[in-house]
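Here the structure is laid out as structure tokens; the discussion comes afterwards.
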There are 2 protein chains.
Amino acid sequence: MGNQKLFKGSLQTIILKLLNENDKMYGYEITQKVKELTKGELKITEGALYPALHKLEADGLLYVEVAKVGNRLRKYYKLTENGTKETVNKLAEMQEFLKTMQHLVNPKFSLE
Amino acid sequence: MGNQKLFKGSLQTIILKLLNENDKMYGYEITQKVKELTKGELKITEGALYPALHKLEADGLLYVEVAKVGNRLRKYYKLTENGTKETVNKLAEMQEFLKTMQHLVNPKFSLE
DNA sequence: AAATATACATAATTTTCTTATGCATAAAAA
DNA sequence: TTTTTATGCATAAGAAAATTATGTATATTT
């Protein structure tokens, strides 16, 4: 409870950013990576993650490579060419938003 | 189109922050102030603003003072005592989120 | 006279989460 | 050895918070 720190709209960008850095990742790995990178502050829930991955795939930004590890199934996601382009856009947009918001709530510590 | 830069979940905090700085404001004034402060980058739509104000009021964080200016109605909003407390919390949460997100998407320019 | 700005509001719809649930294998702990 | 936790996928119901589209009305500018 009380862990909705993940502002709506940022999940797609986070996924794209991670895939841009790590070449290929599977869902569970993404949740762990985010937890690790944010020291537990951001927790991606499965109910948010998987639909987001499916949407990004449907939009042609990701594609899947299924792998069998041991006896278990893994779906590795990679950026498509278009996905790489969109990552640049989304990251720029996110930076802009962060800067704007930072300026709005705390003008003294602007990022500029 | 393409102007959904306002990440969902940040509107309440923005409203509270502005009221904390300006003592009393009315709806239209808030939309203009945000536009001004962000140089047109964030545009608060009325369909988002008014329901948000009503919710904050219902939650006891704001109260209203109706004023008649010329022949027109204005509803000035002010922070309640509880609203002031919540503003502190929400701003801290926002700072935390911005820092985390900044760190996530661009570790090199961390705010710390 | 017409268009734009000021000022409020709500309804329908969409997006994007949370929470709950389900299935299944692997590893660790009791 | 049994139970819990971790790994790994997925979807459905519901809630939250926007967007978009309207609606009403006055004031100002073109």
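In the text below, chain A, chain B and the rest are named by the order of the sequence lines, each starting its count at 1. Note that these values count all heavy atoms, side chains included, but never hydrogens, waters or copies made by symmetry. Just so it is clear, the structure is predicted and the values come from calculations on it, not from any experiment.
Residue A/Leu49 contributes atom CG, which lies 14 Å from atom P of C/dT16 at whole-angstrom precision. Protein atom OH of B/Tyr50 is 9 Å distant from nucleotide atom P of C/dA7, rounded to whole Å. Nucleotide D/dG8 holds its P atom 17 Å from the CD1 atom of A/Ile44, rounded to whole Å. A/Glu46 has its CD atom 15 Å from the P atom of C/dG22, to the nearest Å.
Proximity note for A/Asn71 (side chain, C-beta onward) versus C/dT25, C/dC17, D/dG8: the nearest is C/dT25. For B/Ala48, the listed nucleotide lying nearest its side chain is D/dT19; candidates were D/dT11, D/dT19, C/dC8.
Remark: A/His54 is not in phosphate contact with D/dC9, judged by side-chain N or O atoms under 4.0 Å from OP1 or OP2.
By the 6.0 Å contact criterion, CD on B/Glu81 is open, its count of non-hydrogen atoms from other residues, nucleotides or ligands being 12 or less.
Among the heavy atoms of the strands lying under 4.0 Å from B/Arg72 is at least one base atom, whether or not backbone atoms are also near.
A cation-pi arrangement, defined by a distance under 6.0 Å to the six-membered ring centre and an angle within 45 degrees of its axis, is present between B/Lys24 and B/Tyr76.
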Side-chain donor/acceptor pairs under 3.5 Å, residues 49-65 of chain B, sequence neighbours excluded:
residue: B/His54; atom: ND1; partner: B/Tyr50; partner atom: O; Å: 3.3
residue: B/Lys55; atom: NZ; partner: B/Asp59; partner atom: OD2; Å: 2.8

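A residue-by-residue look at B/Gly70 and A/Tyr77 shows that A/Tyr77 has its nearest nucleotide of DNA chain D further toward the 5' end.
The shortest distance between side-chain heavy atoms of B/Leu19 and B/Ile15 falls below 4.5 Å. By the 4.5 Å heavy-atom criterion applied to side chains, A/Leu104 and A/Met101 are counted as neighbours. With contacts defined as side-chain heavy-atom distances shorter than 4.5 Å, the pair B/Leu37/A/Thr100 does not qualify.
A salt bridge does not link B/Glu29 to B/Lys33: none of the charged side-chain nitrogens sits closer than 4.0 Å to a carboxylate oxygen.
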Could you go through nucleotides 12-17 of chain D and list every protein N or O atom that sits under 3.5 Å from one of its N or O atoms, giving the distance for each pair?
residue: D/dA16; atom: N3; partner: A/Lys8; partner atom: NZ; Å: 3.2

Using the 3.5 Å cut-off, write out each protein N or O paired with an N or O of nucleotides 2-4 of chain C and the distance between them.
none

